[in-house]
Enquirer: 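Submitted below is the structure of interest, expressed as C-alpha cells.
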Amino acid sequence: MVISIDSPLDMHLHLRDEEMLDIVAPLSAETFSGGLVMPNLVPPVTSKEDVRSYRERIRKAQGEHRFIPYMTLFFKSDYSPEFLESVREEILAIKLYPAGITTNSEGGVSGFDLEELSPVLGVMSDLGIPLCVHGETGGFVMDREAEFIPIYEMLARHFPDLKIVMEHITTKAAVEALDRYENLYATITLHHLYITLDDVAGGLLQPHLFCKPIAKRPEDREALLKTALAAHPKVMFGSDSAPHPRDKKEAPGCAAGVFTAPIALQGLAQLFDRHGALDNLQAFVSDNARRIYGITPIEKTVILEKTPWLVPEIYEGTVVPMFAGQSLEWRVLSAE
Ligand code: NCD
Ligand code: ZN
C-alpha cells in the first residue's frame, strides 16, 4: 500500500545552529515542504538581522532540498511597534517562552503581567502576527500545562483577534480549552501521540524520550490521539523535533528534547494507519496549517509505502532519533 502526502509541514521545529544545523536541516528538508523554526538559539533570535542571518544559515544547511524555513522571533515585551512592523515580512510568528521553563528559554517572560505584555500583543494582533506559546507554569511537572490554561484563556479573551497557538499540547485539559476560544489553536507532536510518562520513566529511564512538556497520562494521550486522528481543524502537526548531541542526552542532567524529524512522517503514517485514519493525515500534517497560518507551501509530493523500515541508531554519529534501531511499518518512498 502507498499513500501520498502533499506538501507536509512541521509547524514546530528546532533546527539549532552550526554542526547540529548541518546534520538536521537536510533531514527535515528532505521530506517536509516547510517548517516553523523555533528561535531558542543561544542567544535567541530577537532582531531582524538575527532572523535574516539564521534563515541564510538554514538555507545553506538544507542543501538542494526544496524547503521553506518559516521564521520566528523570540518574544520580548519591549519590542517597539516600529520594530514589529519592520520585521513582519520576515517572520510567520513570535514564540513566547516562560523564563527558564525549557531549553534556552532564560530570556523569556516572567509573571505573565498583562500590563507588561499588552503593548506587544496588541501590535501583534493589529499586524496579524500569530503568537506561539510554550504553555507551562513553574509548578509540579505533571501539572504545568494544565495550570497554564487560565493564562491561555486570559490571553485569548483580551486579544480576540490574536491567533494563539498552544504549542506541543500534552493534556486532555488543553484539548478541551481549544474549543472554548475561537482564537486558540494547537500543535501536537509525534511523540506525545505515542508515549506516556510510563514510556519515559516507568521502567529503565529513557533519556531520548525525555522532553518538555513531559509526556503525561494515558487519558491525556487518548485525548490527543482522538484530536489528531480526526484532524481537528484547529490542530496542526508540530514535531517539536529537538535534537541534542548524544552525550547531552545520555548523561546526568539529560537535556530535554526528542529528535523526530527524520522519522516523523513514517511514524505518523504508522499511527494513522493503525487507527484507520489515513484519510485525515493530509489535513493534520499540512492543510490545517496552511489555513491557520495562511501559507502556501512549496509543492512537494511525498510517497509513503507500507514496508518495514529500520530507523537508524544514530545520525552522523551525533544525534539519536526516536525509535532508534526499531522497525516502523512505513517508509518514505520518494519526496519530490
Ligand atoms: C526544546 C529544545 O530542546 O529546544 N526541548 C523540548 O524538550 N521540547 C524546547 C521546547 O520546545 O520546549
Ligand atoms: Zn519546541
Side-chain angles (χ1 to χ4, degrees), residues 1-13 28-37 66-68 70 92-93 130 132 163-172 174-194 220-241 260-306 328-336:
M1 179 165 49
V2 298
I3 59 166
S4 157
I5 303 285
D6 185 19
S7 303
L9 294 167
D10 181 348
M11 299 313 288
H12 184 130
L13 176 62
S28 281
E30 195 178 341
T31 51
F32 285 90
S33 184
L36 188 68
V37 181
R66 294 177 307 116
F67 175 85
I68 301 180
Y70 295 103
L92 191 60
C132 299
K163 283 190 175 171
I164 301 170
V165 184
M166 304 187 286
E167 293 297 331
H168 43 53
I169 58 171
T170 58
T171 55
K172 190 161 179 270
V175 170
E176 289 166 357
L178 195 59
D179 289 322
R180 285 204 292 274
Y181 291 86
E182 204 176 315
N183 55 331
L184 280 185
Y185 300 84
T187 54
I188 298 181
T189 73
L190 177 77
H191 48 285
H192 292 117
L193 292 172
Y194 269 97
D220 293 307
R221 192 188 59 154
E222 281 311 309
L224 296 172
L225 254 180
K226 198 167 160 223
T227 309
L229 294 171
H232 185 300
K234 296 173 83 184
V235 158
M236 305 167 271
F237 176 62
S239 70
D240 195 17
S241 177
T260 53
I263 59 99
L265 289 177
Q266 302 89 326
L268 283 172
Q270 172 173 290
L271 194 69
F272 276 63
D273 180 27
R274 285 180 179 174
H275 289 86
L278 279 174
D279 286 350
N280 289 338
L281 184 54
Q282 175 68 37
F284 179 62
V285 80
S286 183
D287 300 353
N288 288 356
R290 298 186 206 198
R291 200 180 52 251
I292 293 166
Y293 277 104
I295 50 176
T296 305
I298 289 176
E299 295 224 356
K300 188 180 274 193
T301 305
V302 181
I303 310 281
L304 289 136
E305 181 186 27
K306 192 169 183 181
L328 289 176
E329 291 155 21
W330 287 77
R331 68 169 181 139
V332 174
L333 198 58
S334 64
E336 281 164 15

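The basis for the numbers below is simple: all heavy atoms, side chains too, and nothing from hydrogens, waters or symmetry mates.
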Enquirer: Could you pull out all residues at least two apart from K300 that satisfy salt bridge (charged side-chain N to carboxylate O under 4.0 Å, His left out)?
Expert: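 K300 satisfies salt bridge (charged side-chain N to carboxylate O under 4.0 Å, His left out) with no other residue.
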Enquirer: Between V302 and L265, is any pair of side-chain heavy atoms under 4.5 Å apart?
Expert: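 Sidechains of L265 and V302: in contact.
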Enquirer: Would you mind reporting whether I188 and F284 have side-chain heavy atoms less than 4.5 Å apart?
Expert: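 Yes. Closest side-chain heavy atoms under 4.5 Å.
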Enquirer: To the nearest 0.5 angstrom, please state how far the SG atom of C132 sits from the CG atom of L92.
Expert: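 Atom-to-atom, C132:SG and L92:CG are 7.5 Å apart.
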Enquirer: Kindly indicate whether the side chain of D220, heavy atoms from C-beta on, has any atom under 4.5 Å from the side chain of T170.
Expert: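 SC-SC contact between D220 and T170 ruled out.
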Enquirer: Mind checking what makes ring-ring contact (aromatic ring centres under 6.0 Å, His included) contact with F67, not counting sequence neighbours?
Expert: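 Listed in chain order: nothing, the list is empty.
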Enquirer: I'd like to check the salt bridge (charged side-chain N to carboxylate O under 4.0 Å, His left out) partners of E305; sequence neighbours left out, ordered by chain and number.
Expert: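 E305 satisfies salt bridge (charged side-chain N to carboxylate O under 4.0 Å, His left out) with R331 once adjacent residues are dropped.
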Enquirer: Between F272 and A228, which heavy-atom pair has the shortest distance, and what is it?
Expert: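 Heavy atoms only, the tightest pair is CZ-O, 3.4 Å.
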Enquirer: If you take the centroid of each ring, where Trp contributes its six-membered ring, are Y70 and Y293 closer together than 6.0 Å?
Expert: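 Aromatic pair excluded; centres sit 6.0 Å or further apart.
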Enquirer: Side chain to side chain contact (heavy atoms under 4.5 Å, CB included), that's the test. Do F32 and L13 meet it? Break it down for me.
Expert: CA-CA 11 Å; F32 285 90; L13 176 62; over 6 Å; no
Enquirer: Please step through side chain to side chain contact (heavy atoms under 4.5 Å, CB included) for the pair L278 and M1, ending with a clear verdict.
Expert: CA-CA 12 Å; L278 279 174; M1 179 165 49; 4.3 Å; yes
Enquirer: For K306, check salt bridge (charged side-chain N to carboxylate O under 4.0 Å, His left out) against everything at least two apart and list the hits.
Expert: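 Applying salt bridge (charged side-chain N to carboxylate O under 4.0 Å, His left out) to K306 gives D273.
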Enquirer: Does any donor atom in the side chain of E167 or T187 lie under 3.5 Å from an acceptor atom in the other side chain?
Expert: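 Per modelled atom types, E167 and T187 side chains form a pair under 3.5 Å.
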Enquirer: Looking at N183 and K163, would you say the former's side chain and the latter's main chain have a donor-acceptor pair under 3.5 Å?
Expert: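 Not confirmed, N183 side chain does not pair with K163 backbone.
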Enquirer: Tell me the closest heavy-atom pair linking G267 and L328, and the distance in Å.
Expert: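 Nearest heavy atoms, G267 then L328: N-CD1, 4.1 Å.
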Enquirer: Could you go through residues 229-240 and list every donor-acceptor pair under 3.5 Å that involves a side-chain atom there, pairing it with any protein atom two or more places apart or in another chain?
Expert:
unit_1 : atom_1 : unit_2 : atom_2 : d
H232   : ND1    : K234   : N      : 3.0
H232   : NE2    : D179   : OD1    : 2.9
K234   : NZ     : L178   : O      : 2.9
K234   : NZ     : Y181   : O      : 2.6
K234   : NZ     : E182   : O      : 3.2
K234   : NZ     : L184   : O      : 3.0
S239   : OG     : D10    : OD1    : 3.3
S239   : OG     : D10    : OD2    : 2.5
S239   : OG     : H12    : O      : 3.4
S239   : OG     : S241   : N      : 2.9
D240   : OD1    : H12    : NE2    : 3.0
D240   : OD1    : H14    : NE2    : 2.9

Enquirer: OH of Y194 to CG of L268: how many Å apart, nearest 0.5 Å?
Expert: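 One finds 7.5 Å between OH of Y194 and CG of L268.
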Enquirer: Enter the distance from S33:OG to I68:CD1 here, rounded to the nearest 0.5 Å.
Expert: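 One gets 6.0 Å once the value is rounded to the nearest 0.5 Å.
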Enquirer: When you measure from the side chain of S286 to the backbone N and O of Q282, does any donor-acceptor pair fall under 3.5 Å?
Expert: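 A pair under 3.5 Å: no.
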Enquirer: Mark yes or no for whether Q270, through its side chain, and E329, through its backbone, hold a donor-acceptor pair below 3.5 Å.
Expert: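 Judged by distance alone, yes, a pair lies under 3.5 Å.
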Enquirer: NE2/H275 to CG/L281 distance, rounded to the nearest 0.5 angstrom?
Expert: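 The distance works out to 13.5 Å.
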Enquirer: Nearest 0.5 Å, please: how far is CG in L9 from CG in L36?
Expert: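 One gets 10.0 Å once the value is rounded to the nearest 0.5 Å.
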Enquirer: For the residue pair T260 and I263, establish whether any side-chain heavy-atom pair is separated by less than 4.5 Å.
Expert: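 Sidechains of I263 and T260: in contact.
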Enquirer: Tell me, please, which residues at least two apart from I303 pass side chain to side chain contact (heavy atoms under 4.5 Å, CB included).
Expert: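 In terms of side chain to side chain contact (heavy atoms under 4.5 Å, CB included), with neighbours along the sequence ignored, I303 is linked to V2, S4, T301, L333, S334.
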